[in-house]
There are 2 protein chains.
Amino acid sequence: MGADVTGPRERYRAQVRAEIKQRAWEQLATTGVSALSLKAIAEQLGMSGPALYRYFSSRDELITALIRDAYRSLADALRTAADAGADVAGLADTVRAWALDDPQRYLLIWGTPVPGYHAPDDTTAISTEIMATIVDAYHRRDVPPTGRRIEAHLDGHRGWAVDPAVPAATLRQALAFWTRVHGVLSLELAGHFAGMGFDPALLFDDEIDDLLGR
Amino acid sequence: MGADVTGPRERYRAQVRAEIKQRAWEQLATTGVSALSLKAIAEQLGMSGPALYRYFSSRDELITALIRDAYRSLADALRTAADAGADVAGLADTVRAWALDDPQRYLLIWGTPVPGYHAPDDTTAISTEIMATIVDAYHRRDVPPTGRRIEAHLDGHRGWAVDPAVPAATLRQALAFWTRVHGVLSLELAGHFAGMGFDPALLFDDEIDDLLGR
DNA sequence: TCGCTCTAGTTAGAGCCTATAACTAAGGTG
DNA sequence: CACCTTAGTTATAGGCTCTAACTAGAGCGA
């Protein structure tokens with residue numbers, strides 16, 4: 001069922017769109033999103049400028065597609081790791097490996113946003129899925145309540161938690177996981193540790209250890 | 001001494017440069033750095049495009065000046081707070097207030113960098129000064145060693161620490177301060193908590209509490 | 001197989017930007 | 001008071017995104 005009977009037109013279209021995105025990722029990795037040039041991509045594909053607009057109606061739409069794919073890729077990586085039995089520390093390593101694999105891809109979704117840009121609903125849905133994977137991993141650990149102020153607050157503001165049975169203490173841990181992982185990774189990827197001499201991997205591991213009460 | 005005997009030419013020049021930066025900050029706050037337009041600034045000042053190049057030789061040089069000023073502003077804010085007796089928690093609040101006061105200013109220095117852009121030496125010097133202020137605040141708390149793996153590592157890689165008498169345990173705490181504060185703040189400023197419903201301020205405070213062993 | 005239609009590509013160009021070159025005019029300086 | 005330095009000008013090159021108008025060919029139904 002639903003075996004979308006794509007004619008050759010549709011098939012070709014999808015292929016060219018994929019090729020455009022491929023080139024876009026290559027450019028992104030070296031120049032960053034701000035210097036992403038549709039014209040340059042078109043020329044690399046042997047077509048001239050405006051032809052690309054048949055496939056993406058604007059630069060923003062291409063970037064949105066890239067953002068969507070990046071979210072999807074991270075969500076899949078985490079889901080795969082979790083299904084393979086990864087615990088919280090394993091998920092942290094998964095995120096780090098995913099980030100180092102393509103720093104600009106990480107920064108594209110978690111870095112500085114363009115003011116005024118509003119992410120489409122489906123990307124925020126994937127973002128929720130990512131958080132759910134992390135929450136699940138903590139839920140399996142059975143986090144005890146601590147009576148911290150934020151736990152009471154989160155009990156009243158848990159709209160983002162998919163599973164209503166998850167205790168607030170677990171939600172707090174998931175948030176801390178997210179912010180700490182991002183804190184180390186984003187500074188590392190942005191090069192702020194360069195020249196300081198220490199190994200960011202050790203700092204990352206140390207933060208994760210702390211997060212797990214080790 | 002050294003009362004630079006600026007003639008009227010120099011004085012006027014400095015004033016115009018300041019006015020350009022002022023307009024640049026206004027633009028930055030609304031459009032972000034990627035959309036910063038020299039031409040638009042020039043027109044706001046009633047001069048036409050190329051005139052601005054008398055004051056900043058390129059867009060990059062203007063942005064570099066803004067980055068320098070932003071680092072300076074944050075370093076001063078922290079120094080002032082520390083001199084007024086602020087402890088680690090107080091410094092954290094100072095950073096947060098500074099960030100919320102102008103989110104784009106925070107993201108300009110701590111957000112996604114342009115690949116290939118290399119910060120001039122004096123800004124990294126200010127960055128070191130910022131870290132020194134944080135390290136000092138922890139040093140006053142007398143952090144006990146924990147025997148964690150990263151402490152041994154930091155003992156061998158402490159080039160960035162200004163004061164050689166500071167123990168590695170303190171350096172580790174300062175790094176954790178930096179990454180955790182940045183982790184929460186950057187996600188908050190980037191709008192990733194929007195729509196989740198909870199109050200980022202409580203999460204921030206909770207992370208700081210945790211950092212202080214509370 | 002034929003012919004229609006749809007669409008992927010083209011070039012031309014508007015309008016934005018950064019940046020340089022050549023020139024003008026006015027102010028500071030000796 | 002004359003000179004010269006410099007802040008500003010316009011013109012222009014060259015980059016970008018994106019629209020408009022057109023062309024040619026590939027897919028589709030009869």
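To find a chain, count down the sequence lines: A is the first, B the second, and so on, and within it residues start at 1. The analysis underlying the following values was restricted to heavy atoms, covering all of them including side chains, and did not include hydrogens, waters or symmetry mates.
- Classification of B:Asp136 and B:Arg140 as a salt-bridged pair fails, no side-chain N sitting under 4.0 Å from a carboxylate O.
- An OP1 or OP2 oxygen of C:dC6 is reached within less than 4.0 angstrom by no side-chain nitrogen or oxygen of A:Tyr12.
- Atoms CD (B:Glu61) and P (C:dT20) sit 11 Å apart, rounded to a whole Å.
- Distance, A:Arg13 CZ to D:dG27 C1': 15 Å, rounded to whole Å.
- A salt bridge links B:Arg180 with A:Glu207; the closest basic N to acidic carboxylate O contact falls under 4.0 Å.
- Taking atom CD on A:Glu10 and atom C1' on C:dA8, their separation rounds to 13 Å, with Å as the unit.
- Relative ring orientation between A:His182 and A:Tyr106 is described as parallel, the plane-to-plane angle staying below 30° on a 0-90° scale split at 30° and 60°.
- For the segment residues 18-31 of chain A, the set of residues with a heavy atom within less than 4.0 Å of an atom of DNA chain D is empty.
- Taking CH2 of A:Trp98 as the start and CG of A:Leu78 as the end, the distance is 9.0 Å to the nearest 0.5 Å.
- Nearest nucleotide to the side chain of A:Tyr55, out of D:dT9, C:dG9, D:dA7: C:dG9.
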Contact letters for nucleotides 24-30 of chain C, in which S counts primed atoms plus P, OP1 and OP2 and B counts the base, heavy atoms under 4.0 Å: ---BSS-
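- At least one cation-pi condition fails for B:Arg105 and B:Trp110: the charged atom is not both under 6.0 angstrom from the six-membered ring centre and inside a 45 degree cone around its axis.
- Note: B:Leu28 CG to B:Leu36 CG = 6.0 Å, rounded to the nearest 0.5 Å.
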Between the protein and nucleotides 16-23 of chain D, are there any N/O to N/O pairs under 3.5 Å, and if so, what are the atom names and distances?
residue: D:dC16; atom: OP2; partner: A:Lys39; partner atom: NZ; Å: 3.3
residue: D:dT17; atom: OP1; partner: A:Leu38; partner atom: N; Å: 2.8
residue: D:dT17; atom: OP2; partner: A:Lys39; partner atom: N; Å: 3.1
residue: D:dC18; atom: OP2; partner: A:Tyr53; partner atom: OH; Å: 3.1
residue: D:dC18; atom: OP2; partner: A:Arg59; partner atom: N; Å: 2.6

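- Atoms CG (B:Leu52) and P (D:dT9) sit 10 Å apart, rounded to a whole Å.
- The existence of a salt bridge linking B:Arg172 and A:Asp210 is confirmed by a sub-4.0 Å separation between a basic side-chain nitrogen and an acidic carboxylate oxygen.
- Ionic pairing of A:Glu188 and A:Arg96 is present here: one or more N-O contacts between side-chain nitrogen and carboxylate oxygen are shorter than 4.0 angstrom.
- Rounded to whole angstrom, the span from the CG atom of A:Leu45 across to the P atom of C:dT10 amounts to 11 Å.
- Atoms CD1 (B:Ile63) and C1' (C:dC17) sit 13 Å apart, rounded to a whole Å.
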Might you work through the side-chain hydrogen bond (donor to acceptor under 3.5 Å, both in side chains) test for A:Thr124 and A:Tyr71, ending with a clear yes or no? CA-CA 9 Å; A:Thr124 57; A:Tyr71 270 116; over 6 Å; no
Would you check, one step at a time, whether the test side-chain hydrogen bond (donor to acceptor under 3.5 Å, both in side chains) holds for A:Thr128 with A:Trp160? CA-CA 7 Å; A:Thr128 302; A:Trp160 52 280; over 6 Å; no
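- Screening B:Lys21, B:Arg17, B:Glu61 for a side chain to side chain contact (heavy atoms under 4.5 Å, CB included) with B:Tyr55, the sole residue that qualifies is B:Arg17.
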